[in-house]
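Following: one structure in structure tokens, then a few remarks.
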Amino acid sequence: RIVSATLLDADGDERVQFAAGEPLAVRLVVEAERGLAAPRVSLELRGDDGVVLGGASQDTAELGWGEANGGARELRFDLDRLPLADGHFHLRFALVDADGEHLLHTLDDAARFFVFAAGEETGAVLLDGRWSMQEIAPREPIPGA
């Protein structure tokens with residue numbers, strides 16, 4: 001079962017408020033019974049209105065989850081640059097069996113946080129791209145015009 005979810009900044013400090021584009025990590029504590037096969041963990045990022053904005057999942061066997069050991073484990077999801085610009089957001093987590101057929105546990109509203117614009121960003125999503133320009137050809141006058 002999912003015990004807790006904590007949001008961390010780049011220094012490892014717990015926070016619930018982040019600047020647009022800032023690093024963010026989620027620390028998830030999971031308790032398992034002995035012999036549980038490595039589950040799949042997933043997260044959903046939701047806006048304040050409940051709309052799913054994105055998600056990610058991971059097979060915990062790839063992270064070293066062994067069947068024999070029970071007890072607590074810490075899973076971590078790191079974002080180098082938070083792709084959000086402004087607003088209130090929620091994280092939902094789920095554990096499913098290795099085959100993806102049976103839901104083992106969910107934690108709705110596991111973490112709530114606020115992102116504030118650090119510059120001129122607007123809207124919920126941080127569009128962090130670059131503009132460029134290339135001249136393709138000088139405009140030719142149209143004959144007879």
Side-chain angles (χ1 to χ4, degrees), residues 1-140:
R1 74 182 179 98
I2 302 167
V3 177
S4 66
T6 308
L7 301 174
L8 307 171
D9 64 14
D11 296 325
D13 296 326
E14 291 185 27
R15 292 199 0 222
V16 293
Q17 187 172 349
F18 294 86
E22 186 175 14
L24 175 140
V26 180
R27 181 177 56 213
L28 196 62
V29 176
V30 176
E31 287 183 350
E33 294 182 19
R34 187 176 199 95
L36 176 68
R40 229 177 142 66
V41 63
S42 65
L43 71 81
E44 284 183 347
L45 171 67
R46 295 175 178 254
D48 211 24
D49 56 1
V51 173
V52 176
L53 300 174
S57 64
Q58 174 67 49
D59 182 352
T60 60
E62 295 174 5
L63 301 176
W65 185 297
E67 285 187 32
N69 300 330
R73 292 171 174 83
E74 179 181 301
L75 303 174
R76 188 171 160 131
F77 181 76
D78 291 285
L79 286 168
D80 294 332
R81 190 163 165 74
L82 189 60
L84 302 170
D86 188 27
H88 293 267
F89 302 94
H90 309 259
L91 291 175
R92 176 185 187 272
F93 295 93
L95 291 173
V96 295
D97 66 2
D99 297 329
E101 296 179 10
H102 297 95
L103 180 64
L104 302 173
H105 191 251
T106 62
L107 192 57
D108 288 323
D109 259 357
R112 295 177 182 212
F113 62 103
F114 174 74
V115 177
F116 60 91
E120 297 181 23
E121 301 90 356
T122 59
V125 178
L126 181 61
L127 295 177
D128 190 19
R130 290 181 309 278
W131 287 96
S132 63
M133 184 175 77
Q134 178 180 352
E135 189 171 319
I136 36 181
R139 184 168 216 163
E140 300 275 336

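We count residues from 1, following the sequence as given.
The two atoms that bring Phe93 and Ala5 nearest to each other are CE1-CB, 3.7 Å, heavy atoms only. Of all heavy-atom pairs spanning Ala32 and Trp65, the tightest one is CB-CZ2, 3.5 Å. Contact detail for Val96 and Gly100: the closest heavy-atom pair is CG2-CA, 4.1 Å. Considering every non-hydrogen atom in both Ala118 and Ala19, the closest pair reads CB-CB, 4.2 Å. Taking each heavy atom of Ala85 and Ala20 in turn, the nearest pair found is O-CB, 3.5 Å. When all heavy atoms of Leu104 and Pro39 are compared, the closest pair comes out as CD1-CB, 3.8 Å.
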**OP:** Check step by step if side-chain contact (heavy atoms from CB on, under 4.5 Å) holds for Asp48 and His90.
**Re:** CA-CA 7 Å; Asp48 211 24; His90 309 259; 2.8 Å; yes
Original post:
What do the steps show when you test Arg112 against His88 for side-chain contact (heavy atoms from CB on, under 4.5 Å), and what is the final call?
Top reply: CA-CA 7 Å; Arg112 295 177 182 212; His88 293 267; over 6 Å; no
**OP:** Given side-chain contact (heavy atoms from CB on, under 4.5 Å), test Glu14 with Leu8 step by step and report yes or no.
**Re:** CA-CA 5 Å; Glu14 291 185 27; Leu8 307 171; 3.8 Å; yes
**OP:** Assess whether side-chain contact (heavy atoms from CB on, under 4.5 Å) is satisfied between Asp86 and Val115, documenting all intermediate values.
**Re:** CA-CA 5 Å; Asp86 188 27; Val115 177; 5.8 Å; no
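Atom-to-atom distance recorded for His105:NE2 and Ile2:CD1 is 6.0 Å, nearest 0.5 angstrom. Considering OG of Ser42 and CZ of Phe77, their distance stands at 11.0 Å, rounded to 0.5 Å. The distance from the CD atom of Glu31 to the CZ atom of Arg1 is 4.5 Å, given to the nearest 0.5 Å. Between atom CZ of residue Arg76 and atom CG of residue Leu63 there is a gap of 13.0 Å, rounded to the nearest 0.5 Å. Distance check, rounded to the nearest 0.5 Å: CZ of Arg81 to CG of Leu24 gives 13.0 Å. Taking CD of Glu22 as the reference point, atom CZ of Phe116 lies at 6.5 Å (rounded to 0.5 Å).
Around atom CG of Asp49, more than 12 heavy atoms belonging to other residues, nucleotides or ligands sit under 6.0 Å away.
Checking side-chain atoms of Asp11 against main-chain N and O of Asp13 turns up no donor-acceptor pair under 3.5 Å. His102 places no side-chain N or O within 3.5 Å of a backbone atom of Asp97 that could act as its donor or acceptor partner.
Using cut-offs of 30° and 60° on the angle between ring planes, the pair Phe113 and Phe18 is perpendicular.
Side-chain contact between Leu7 and Arg15 is absent, with no heavy-atom pair separated by less than 4.5 Å.
Results of the side-chain contact (heavy atoms from CB on, under 4.5 Å) test with Leu95 over Thr106, Val30, Leu28 single out Val30 as the only residue that passes.
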